[in-house]
Amino acid sequence: MSLASDLAALFHTAAAVFEIKGEPVFKAIAFSKIARILEDTTVDLRRAVEDGSIAKMEGVGKSSRKIIEDFVRTGRSPDMDELIASIPGGLLPLRNIPSLGPKTIGLFWKERGITSMGELVAALDAGKLDGLKGIGPKKLQSIKEGIAMIEQAGGRRGLVDVLPIALRLVEQVRALPGVKQAEYAGSLRRWQETIGDVDIVAGVDNSAKGEALTKAFTEFSIVEKVLGQGDTKASVLVESGLQVDLRIVPNDHFGAALQYFTGSKEHNVKLRGLCLDQEMTLNEWGLYKLSEYDKAKKVTGKPPAVPAVASKTETDVYKALGLQFIPPELRQGKDEIELAANKKLPKLIEVKDLRGDLHTHTTASDGTASIEEMAEAAKALGYEFLAITDHSKSQVIANGLSKERLLKHVAAIRKASDKIKGITLLAGSEVDILVDGRLDFEDEVLAELDIVVASPHASLKQDEKTATDRILRAIDNRYVTLIGHPTGRLINKRAGLPLDINAVIARAKQNGVALEINSGWPRLDLRDSHARAALAEGVMLSINTDAHSIDGLGERYLGIGVARRAGAEAKSVINCMSLSELRAFIAKRR
DNA sequence: GCCGTTTTCGGCCCGACTGTTTTCAGTCG
């Protein structure tokens with residue numbers, strides 16, 4: 001764990017402590033915001049503390065500045081220690097129980113002395129929590145069910161697991177009577193790598209009956225448990241405990257609802273701040289003039305009885321606020337609203353911009369398809385070039401190629417390239433970056449290749465200095481075109497190398513080396529924030545699938561999603577170059 | 001706790017649903 005993520009965890013904890021203690025909610029909001037910023041940041045905190053720029057970080061005021069400074073310098077913060085020690089530590093995990101919030105946790109603690117999960121379970125069983133003000137039998141029952149739920153379901157799920165379920169449900173919702181359109185929203189639409197739950201928004205015509213629709217939704221065969229159901233909203237659990245929420249709005253309000261439920265929360269908070277500046281208000285029903293909205297009659301589950309400034313489409317909403325349409329991937333609450341106001345949003349890269357894949361495997365190492373099969377599949381995707389980059393000799397487990405086998409393979413790739421019309425094959429290798437940063441082949445072998453992808457595979461638990469020096473040394477090799485999956489992380493499985501990413505980016509820039517966004521699940525490495533930092537420094541990216549099969553080539557959409565979240569344009573990605581431009585890029589530093 | 005082109009105090013995004021209540025608090029997204 002890095003310094004920034006350790007600190008982020010600390011601020012998250014502190015926010016929870018504020019909530020449980022019943023402090024003014026804005027204290028918790030302020031600290032949560034700092035935590036999220038720290039999670040994302042690539043700023044070097046040590047440097048920021050030294051030069052004082054830490055105070056310029058958004059949301060960081062006097063109190064949190066001191067906390068960060070203390071923590072960076074000494075590894076702890078007395079202020080935080082004192083705050084966190086002010087409530088029993090066992091209360092914090094209770095926050096994860098659905099339907100049990102901080103107020104109730106605080107109530108149980110103060111009124112019944114509950115200080116841990118074990119005590120809570122025992123108290124529930126013994127009936128000790130009966131008779132508290134505002135807590136009835138149903139509430140206690142839902143807390144019991146919540147505890148059972150977290151015991152069986154585990155946290156956030158991967159994008160690739162959730163996407164097919166969401167697509168299937170959206171199709172089913174579209175087929176319901178009166179539904180004119182439906183889309184998934186939320187973190188899935190923003191293309192986050194992990195998803196908490198799925199939000200689906202449906203626009204309906206006048207013939208639709210809200211309650212009948214939400215009822216039909218709760219009766220889909222995939223649904224395992226109904227959490228709630230009203231006229232305009234229903235929440236269910238589907239397989240493996242994934243929560244899916246459906247929101248129903250009149251079709252004229254679909255755009256506003258889609259915008260609202262796509263989030264992110266931070267984006268929407270900023271957007272609504274902008275609305276207030278323009279004397280308007282934005283909610284799931286639409287954008288309204290404040291003067292009219294305040295006077296309008298409001299009925300729960302129905303749009304306010306006043307014409308909206310905008311509501312039909314998301315584009316309408318953004319346009320009415322003087323903004324360019326902001327693609328969902330960019331709605332992160334960073335600088336996207338300012339960019340949209342100044343008409344400076346990047347023209348985000350799309351799948352169709354890719355002209356080739358530069359990191360793929362064949363049966364020569366651990367792939368399942370031949371050179372020819374991969375070439376034909378790449379051609380079918382409309383590619384102009386494909387690099388075959390099988391493993392190097394240290395990857396014994398992946399049948400890595402010896403020098404002799406590699407040179408034969410190179411000849412076979414060149415021969416296939418001549419034979420197959422309409423696509424050019426580049427003969428390459430995914431060369432292991434060894435523990436000390438040396439490469440797995442000698443320079444004179446690498447010189448025989450059209451392209452070299454250098455990647456770390458083993459020893460991924462090095463400390464920051466060792467790991468960073470290792471990657472820097474690889475970047476310094478004149479034959480290296482790009483660094484493959486630079487950190488080696490696996491989502492939800494392995495943290496990967498704790499790189500000083502700014503140092504890696506700076507060296508890549510200096511040497512004209514590209515950094516990969518590996519599209520393979522669960523890699524997605526570089527991650528979005530790292531790719532964003534690389535772009536800010538003008539480093540070229542390369543989006544590759546690391547395909548080990550024909551189907552693997554199709555996973556490019558995942559890498560594109562990461563690149564879009566980073567704000568990448570096609571011009572910053574070497575896969576979007578023409579073949580001659582790409583060859584020039586490779587040749588430039590040799 | 002943070003912040004400022006209405007600024008150093010007073011506001012901080014908004015609504016649905018549930019369960020507990022007779023008008024609202026808590027939770028969630």
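Order of the sequence lines sets the chain letters (A, B, ...), proteins ahead of strands, with each chain counted from 1.
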Peer 1: Which base, if any, makes a Watson-Crick or G-U wobble pair with B:dT8, both distances under 3.5 Å?
Peer 2: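 For B:dT8, the partner nucleotide comes out as none, under the 3.5 Å rule.
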Peer 1: Show every ring-ring contact (aromatic ring centres under 6.0 Å, His included) that has at least one partner inside residues 20-50 of chain A, sequence neighbours left out.
Peer 2: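 Passing the test, one end in residues 20-50 of chain A: A:Phe11-A:Phe31, A:Phe18-A:Phe31.
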Peer 1: Taking for each residue the nucleotide of DNA chain B with the nearest heavy atom, is it A:Val60 or A:Met280 whose nucleotide lies nearer the 5' end?
Peer 2: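 Looking at the nearest nucleotide for each, A:Val60 comes out on the 5' side.
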Peer 1: Is there a donor-acceptor contact under 3.5 Å linking the side chains of A:His267 and A:Glu336?
Peer 2: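 Short answer, yes.
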Peer 1: Quick check with a 6.0 Å cut-off and a 45 degree axis cone: is A:Arg331 positioned over the face of A:Tyr260's six-membered ring?
Peer 2: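 Verdict for A:Tyr260: no cation-pi partner in A:Arg331.
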Peer 1: For B:dT22 and B:dA16, measure between their P atoms and round to the nearest Å.
Peer 2: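 Between the two P atoms, the distance is 23 Å.
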Peer 1: Quick check for you: among B:dG29, B:dT20, B:dC2, whose closest atom lies nearest to any side-chain atom of A:Lys138?
Peer 2: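 Taking heavy atoms from C-beta onward, the closest nucleotide is B:dT20.
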Peer 1: Taking any heavy-atom pair under 4.0 Å as a contact, classify A:Gln243: base, sugar-phosphate, or nothing.
Peer 2: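 Counting heavy atoms under 4.0 Å across all strands, the contact made by A:Gln243 is with sugar-phosphate only.
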Peer 1: Would you indicate whether the side-chain heavy atoms of A:Ile34 and A:Met57 approach each other to under 4.5 Å?
Peer 2: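 Heavy-atom side-chain distance check fails, nothing below 4.5 Å.
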Peer 1: If we take the C1' atom in both B:dT21 and B:dC17, what is their distance in whole Å?
Peer 2: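 Result for the C1' pair: 15 Å, nearest Å.
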Peer 1: Determine the contact category for A:Lys233: base if any of its heavy atoms lies under 4.0 Å from a base atom, sugar-phosphate if only primed atoms, P, OP1 or OP2 are that close, otherwise nothing.
Peer 2: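 Here A:Lys233 touches the backbone only, sparing every base.
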Peer 1: Please report, rounded to the nearest Å, how far the C1' atom of B:dG29 is from the OH atom of A:Tyr184.
Peer 2: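 To the nearest whole Å, that distance equals 19 Å.
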Peer 1: Can you measure A:Glu266 atom CD to B:dC12 atom P for me and round it to whole angstrom units?
Peer 2: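 So the two atoms are 18 Å apart, to the nearest Å.
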Peer 1: Base, sugar-phosphate alone, or nothing: which one does A:Asn283 contact when heavy atoms must sit under 4.0 Å apart?
Peer 2: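 The answer is sugar-phosphate, as A:Asn283 gets under 4.0 Å only of primed atoms, P, OP1 or OP2.
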Peer 1: By the 4.0 Å heavy-atom rule, please label A:Gly263 as base, sugar-phosphate, or nothing.
Peer 2: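 Touches nothing.
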Peer 1: Tell me, for nucleotides 22-27 of chain B in 5' to 3' order, what letter each nucleotide earns: B for a base near a protein heavy atom under 4.0 Å, S for only sugar-phosphate near one, - for neither?
Peer 2: ----SS
Peer 1: What does A:Ser142 touch in the nucleic acid at a heavy-atom separation under 4.0 angstrom: a base, only the sugar-phosphate, or nothing?
Peer 2: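 Touches nothing.
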Peer 1: Please check the phosphate of B:dA16 (OP1 and OP2 only) for any side-chain N or O of A:Gln229 closer than 4.0 Å.
Peer 2: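 So the side-chain polar atoms of A:Gln229 never come under 4.0 Å of the phosphate oxygens OP1 or OP2 of B:dA16.
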Peer 1: Name the nucleic acid region contacted by A:Tyr260, choosing base, sugar-phosphate or nothing; use a 4.0 angstrom heavy-atom cut-off, strictly under.
Peer 2: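 Result for A:Tyr260 = base.
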Peer 1: Would you mind reading off the distance between A:Leu274 atom CG and B:dC12 atom P, rounded to a whole angstrom?
Peer 2: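 Between P of B:dC12 and CG of A:Leu274: 16 Å.
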Peer 1: OP1 or OP2 of B:dC14 sitting under 4.0 Å from any side-chain N/O of A:Thr281?
Peer 2: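 Result: yes.
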Peer 1: Applying a 4.0 Å non-hydrogen cut-off, can you work out what A:Leu282 is touching in the nucleic acid: base, sugar-phosphate, or nothing?
Peer 2: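 The answer is sugar-phosphate, as A:Leu282 gets under 4.0 Å only of primed atoms, P, OP1 or OP2.
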Peer 1: Quote, to the nearest angstrom, the C1' distance that separates B:dT27 from B:dT20.
Peer 2: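 Between the two C1' atoms, the distance is 13 Å.
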Peer 1: Could you tell me how far B:dG1 sits from B:dT8 if I compare only their C1' atoms? Round to whole Å.
Peer 2: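 It comes out at 15 Å once rounded to the nearest Å.
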Peer 1: For nucleotides B:dT23 and B:dG29, find the distance between their C1' atoms and express it as a whole number of Å.
Peer 2: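 Here B:dT23 and B:dG29 have their C1' atoms 24 Å from each other.
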Peer 1: Salt bridge or not for A:Arg247 and A:Glu284, using N-O below 4.0 Å?
Peer 2: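 Yes, charged N to carboxylate O under 4.0 Å.
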Peer 1: Distance only, no hydrogens: is a donor on one side chain within 3.5 Å (strictly under) of an acceptor on the other, for A:Asp79 and A:Ser77?
Peer 2: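 Distance-only check fails for A:Asp79 and A:Ser77.
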Peer 1: Could you tell me whether the side-chain ring of A:Phe26 sits stacked on the base of B:dC12, using a centroid cut-off under 5.5 Å and a plane angle under 30°?
Peer 2: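 Aromatic stack with B:dC12 present for A:Phe26.
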Peer 1: Of A:Lys302 and A:Ile135, whose closest DNA chain B nucleotide lies nearer the 5' terminus?
Peer 2: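 In this pair, the answer is A:Lys302.
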Peer 1: Within the pair A:Thr300 and B:dC17, is there a side-chain N or O less than 4.0 Å away from OP1 or OP2?
Peer 2: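 Answer is no, no contact under 4.0 Å.
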Peer 1: Give A:Lys62 one of three labels, base, sugar-phosphate or nothing, depending on what nucleic acid heavy atoms sit under 4.0 Å from its own.
Peer 2: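 The answer is sugar-phosphate, as A:Lys62 gets under 4.0 Å only of primed atoms, P, OP1 or OP2.
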